[in-house]
Amino acid sequence: MTPDVVIIGAGIIGAACARSLVRAGLRVTVLDRNAAASGTSASGEGNLLVSDKGPGEELRLAQYASSLWPDTVAELRRELGADFPSLEYERKGGLVVATTPAGRDPLLAFAESQRGAGVDARVLTVKQALRLEPDLNPAITAAIHYPEDAQVQPVAATEALLASARLGGADVRVGVTVTGGIRAADGALVGVRTSAGDFSAGAVLNAAGPWSGEVSRSLDASLPVRPRRGVVLVTTRMPHRIFHKVYDADYVGAVGSGEAELQTSSVVESTAAGTVLIGSSREQVGFDNRLRVSVLEELAVKALRLFPFLAGASVMRSYGGFRPYMPDHLPVIGPDHRVPGLWHATGHEGAGIGLSLATAELIAAQLTGGVPAVDPASFLLTRPSLAALVPEVA
Amino acid sequence: MTGVLVIGAGPAGLAAARAALRAGASVTLLDSSDQLGGQYWRHLPDSRAGVREDRLHHGWDRFRALQDELLEHPGCEVVPSAQVWAIERLDEGLVVHVHVGPPDGNRRPSRELTPDAIVIATGAYDRTLPFPGWDLPGVFSAGAAQALAKGERVAVGGRVVVAGAGPFLLPVAASLAQTGARVLGVYEASRPRALARGWLPRPWRLLGATSKFGELASYALSHVRHRIPYRVGHAVIAAHGTDRVEQVTVARLDARWAPIPGTERRIDADAVCVSHGFTPRIELAIAAGCDIRPDRFVRVDDRQHTSVPGVFAAGEITGIGGVDAALAEGAIAGHGAAGGGADDPAVRRDLARRATFTDFAARIEAAHGIRPGWTGWLRPDTLVCRCEEVPYGRLRETGRATCSTSLRSLKLSTRAGLGICQGRVCGRTVEDLLGRESPGGLLDGTSTDRRPIASPVRIGELAAAHGRHTSAATDAARHQHQ
Ligand SMILES: Cc1cc2nc3c(=O)[nH]c(=O)nc-3n(C[C@H](O)[C@H](O)[C@H](O)COP(=O)(O)OP(=O)(O)OC[C@H]3O[C@@H](n4cnc5c(N)ncnc54)[C@H](O)[C@@H]3O)c2cc1C
Ligand SMILES: Cc1cc2nc3c(=O)[nH]c(=O)nc-3n(C[C@H](O)[C@H](O)[C@H](O)COP(=O)(O)OP(=O)(O)OC[C@H]3O[C@@H](n4cnc5c(N)ncnc54)[C@H](O)[C@@H]3O)c2cc1C
């Protein structure tokens, strides 16, 4: 039977969309050229943040996502049973600090604007901050506590969403590469050509992460998604001395920046396993995954600015991946107005884990004619910020 | 003058350094150990020398000669306690990052080297398959036991069982016996037929490998002298004890290495040394961009040249062949790295020797290669990854629950291989076991051999080096990519 939707990509976005769509009653096939959860979703961290987003549509999406996570985690656990790896969902809260006198006022102003948008952003004195994080560098100049920030283990989350979709009837095919589209006489996209034959479908959803640009091009619709590399350092296990997600406020600047050169800002946190993660850099170097020692060094310098005690900690590995980057820093979630039958759920850059559930609900609502919980207009390709970047014909 | 960097001062690296010097290059020789010699010539520190090293080491004179020539040569810089922790691939070439000092040091000086040519000779460590109780104190890899015996003169126990597969179980037992342990038996998993297949098909070839055979024969004699029983088709399938090993269970194996029920026998022992083969240390070769063969050794051509211009490889990272193969390959690699020709007289003898001893490698694999039935001795609670305490049962359940075909995903959701040893002990076993759970095998094309950070680095060390050295070069490289 022809599925209603073929999803290209079994990362967290494809997995979440598959689950939401089968729950909305649609027949779904998921294709991935590799294994599931083997792309960006297995190469990053699992921060579910509101703290790094200023007022606007993306913050609204993040707030919506943040409201979906606790119930979804509980549902998945019920559906999949206790043998399934834990999603390690934890609302541990974020602590954002300024490390320079000049950084103080912008951080306070940013938090103020977030409070206006309904974010729980609490200004702390240095003393209060040190009570939350006793090993924090006392030389910080400002600190904001964000109790809503949470985390999840991204690979387990992807596998769980996919397993749930499978239970709901989704057909997941791995090792299948999408190579092109099948068009009807009226020009509508009615399926994809793959390394394993043709798949017809009512609609095709491009959830190919940083490769979405290529995939979209193979379907005759250009899309300005580009890879933005990120690297994370992992230390050996140590006694628990970091209790929140702690970042310096530069991080907020780095996320919103479009500059190509290396940007790092330390996001330091401990994991349940006892390691400390120090992430992450942002560079535009294409799909080049070669190790760069200067990137590691810069991450180390910034981590020490937050937690001087880490000087003696050992980094035992580093890993990295390619964030799916959109030039205007907003994901694309919805139909492609140029090619009937083509949909996109991509371009989440460094927030795809957090935004996955909300993205999936938005796609499901739009595909089934429901009412989306967040206005999708700012996530469509027709938004003004993309005017110059999305040509009418591919 | 050509500057050659040799990484690893085992037999292969030592031979490479000497050949490069003789061919007119200047050489820097690094080893993370505080001594030269590698796994084969591990010995007491010079401060405690004087005991009869020659008794414990075959070819000890050869080692002394090699070492002396290098230490005395004005064109050779020998740097012990030098850990290569990363190789960076920039557009303008490779940068080798080194920390010098004890591994637990805090402020080890860092060095970055950009040589004209590199010989990677990082060797192999022995691989131990998991079995119930292998996490008890008193269980050693054969290599670790031998290192203690040769390098510290310490026997791992009073009543010791040696088990696993491969010809190197014999010298391990011999070293143990020489340090005063009572070796209760050597249990070789392979059965006579496999052993015959590996060792007998081309007997005339052995004529070329007489020195290797002399060595093995002398180990056999030493066994007789110490009355060590040698049993083939047997394995240690469990170790027992509360705080440390008190007993082991030995069983007979079928041709697939599955234990035969009813043949189990308990033996009182306070230590067991187990090795089922070798895992080459190829992370630096991978970091340098070298092609890896399907059997997961570094691919080299006749000159020991890898797929990366200017990068040579020798010794156990190109195949397990023992010390003679490592010496020959090292000499050929060093000569090539210095710019020497492929058939110069200087390496003609080594070329012939390599041909002989590489054959030895194929024989080892045919006779002693791991067979799939070994999982028959695992139990659900047997730890596969000791660092992160991941039992076999959980590995399988997670594989089945997620239907995952991604090694990366499975490692992250089981935590197998994510601990301090970074999968050096369990990586290949984890891949083997997980691959069996997914019908089409693992799809994501990664392997546990990839470790861009080859050994732990302190955050303070990274920060101290920031902005000080190659960052100019790295920045240049980065800008070219925009
Ligand atoms: C270092 C780093 C840190 C990060 N930290 C966070 C964080 O803390 N919080 C957060 O929310 N996000 C974070 N992210 C971002 C997050 O990881 C991504 O936004 C998210 O994983 C994107 O998911 P995806 O499903 O779109 O892409 P992917 O997971 O990359 O999935 C895309 C899939 O498409 C498949 N594919 C590609 N081409 C084809 C084809 N032709 N045919 C078939 N299949 C194809 C690929 O194989 C892949 O599996 C981080 C990213 C990085 C790199
Ligand atoms: C238990 C055991 C018993 C053996 N018995 C015999 C025997 O009886 N006869 C025989 O012929 N062979 C035997 N072998 C094999 C023999 O030891 C090897 O063939 C030989 O040592 C291989 O030489 P190599 O130079 O390739 O590697 P190695 O001798 O292993 O030397 C590699 C060197 O590289 C260094 N190194 C690795 N990584 C780094 C890094 N990142 N930075 C700096 N330095 C690094 C290591 O410290 C090491 O010194 C035995 C091996 C083992 C484990």
Side-chain angles (χ1 to χ4, degrees), chain A residues 32 34-39 41-43 80-81 83-86 153-156 158-160 162-163 166 172 174-175 233-237 260-262 273 275 278 283-286 288 290-304 310-319, chain B residues 86-90 95 97 106 112 287 289 387-388 397-398 400-415 418-420 422 438 440 442-446 451-453 455-471 473-475 477-479 481-482:
Chain A
D32 200 297
N34 217 311
S38 62
S41 302
S43 320
L80 304 173
D83 274 354
F84 207 90
S86 164
Q153 208 273 63
V155 159
T158 305
E159 297 285 11
L162 205 60
R166 235 188 252 115
V172 181
V174 294
L233 307 184
V234 187
T235 70
T236 53
R237 282 183 181 186
E261 73 270 25
L262 166 69
T275 59
I278 300 168
E283 294 172 90
Q284 285 185 11
V285 290
D288 179 350
R290 293 178 292 182
L291 173 95
R292 284 213 174 63
V293 170
S294 61
V295 173
L296 311 186
E297 290 168 353
E298 194 158 327
L299 284 168
V301 166
K302 298 215 168 166
L304 292 188
L310 286 175
S314 288
V315 174
M316 63 174 174
R317 75 172 164 269
S318 73
Y319 64 89
Chain B
I87 294 184
E88 206 178 6
R89 257 186 305 150
L90 302 182
V95 182
H97 293 264
N106 215 325
E112 297 79 39
C387 301
E388 295 286 319
E397 280 153 25
T398 303
R400 286 177 192 166
T402 59
C403 303
S404 177
T405 54
S406 159
L407 177 63
R408 225 188 147 101
S409 164
L410 285 163
K411 275 170 59 185
L412 286 162
S413 48
T414 60
R415 299 208 55 77
L418 295 182
I420 177 72
Q422 288 293 291
S438 59
L442 299 172
L443 288 179
D444 54 353
T446 58
R451 294 182 195 93
I453 295 186
S455 74
V457 207
R458 305 261 171 189
I459 293 179
E461 291 170 338
L462 279 174
H466 177 60
R468 194 172 54 65
H469 47 75
T470 47
S471 43
T474 25
D475 287 344
R478 185 173 320 115
H479 286 297
H481 278 280
Q482 286 164 22

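Naming: A, B, ... by sequence-line order, numbering from 1 per chain.
- For the pair A:N34/B:S406, no side-chain contact is recorded, criterion being any heavy-atom separation below 4.5 Å from C-beta on.
- To the nearest 0.5 angstrom, A:L310 atom CG is 12.0 Å from B:L462 atom CG.
- For A:S43, the parts lying under 4.5 angstrom from a heavy atom of chain B are both the backbone and the side chain.
- The most heavy-atom pairs under 4.5 Å with chain B, out of A:P154, A:S41, A:G312, A:A36, come from A:G312.
- Options A:L80, A:D83, A:V315, A:T235 differ in how many heavy-atom pairs under 4.5 Å they form with chain B, and the most are formed by A:V315.
- Counting only distance, with no hydrogens or angles, the side chain of B:E88 and the backbone of A:V293 share a donor-acceptor pair below 3.5 Å.
- Taking the side chain as every heavy atom from C-beta outward, A:R237 and B:E388 approach each other to under 4.5 Å.
- Going from atom OG of A:S294 over to atom CG of B:L90 covers 8.5 Å, rounded to the nearest 0.5 Å.
- Heavy-atom pairs under 4.5 Å with chain A were tallied for B:A463, B:A464, B:A287; the largest tally goes to B:A463.
- A donor-acceptor pair shorter than 3.5 Å cannot be found between the side chains of B:S413 and A:E159.
- A side-chain donor-acceptor contact under 3.5 Å links A:R317 to the backbone of B:L418.
- For the atom pair A:T275 OG1 and B:I420 CD1, the distance stands at 11.0 Å (nearest 0.5 Å).
- Put simply, of B:T398, B:L407, B:L443, the one with the most heavy-atom pairs under 4.5 Å next to chain A is B:L443.
- The nearest pair of heavy atoms linking A:L304 to B:G460 is CD1-CA, 4.2 Å.
- Contacts between A:L233 and chain B at a heavy-atom distance below 4.5 Å involve the side chain alone, from C-beta outward.
- What you find for A:E297 and B:A465 is that their closest heavy atoms are OE2-CB, 3.4 Å.
- Contacts of A:S318 with chain B are made by both backbone and side-chain atoms, with heavy-atom separations under 4.5 Å.
- For a residue to count as touching a neighbouring chain, one of its non-hydrogen atoms must lie under 4.5 Å from one of that chain's; by this rule B:R415 touches chain A with the side chain only.
- With hydrogens and angles disregarded, a donor-acceptor distance shorter than 3.5 Å links the side chain of A:Q153 to the backbone of B:L412.
- To the nearest 0.5 Å, the span separating CD on B:E461 from OG on A:S314 amounts to 7.5 Å.
- Interface remark: of the candidates A:A313, A:S86, A:S38, A:A37, A:A313 forms the most heavy-atom pairs closer than 4.5 Å to chain B.
- Counting heavy-atom pairs closer than 4.5 Å to chain B, the top-ranked of the candidates A:A156, A:A273, A:A163, A:G175 is A:A273.
- In this structure, the portions of A:A42 lying under 4.5 Å from any heavy atom of chain B include both its backbone and its side chain.
- We find the CD-OG1 distance between B:Q422 and A:T236 to be 10.0 Å, quoted to the nearest 0.5 Å.
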(message) For B:I459 and A:I278: C-alpha separation, side-chain torsions, deciding distance, then whether side chain to side chain contact (heavy atoms under 4.5 Å, CB included) applies.
(response) CA-CA 10 Å; B:I459 293 179; A:I278 300 168; 3.4 Å; yes
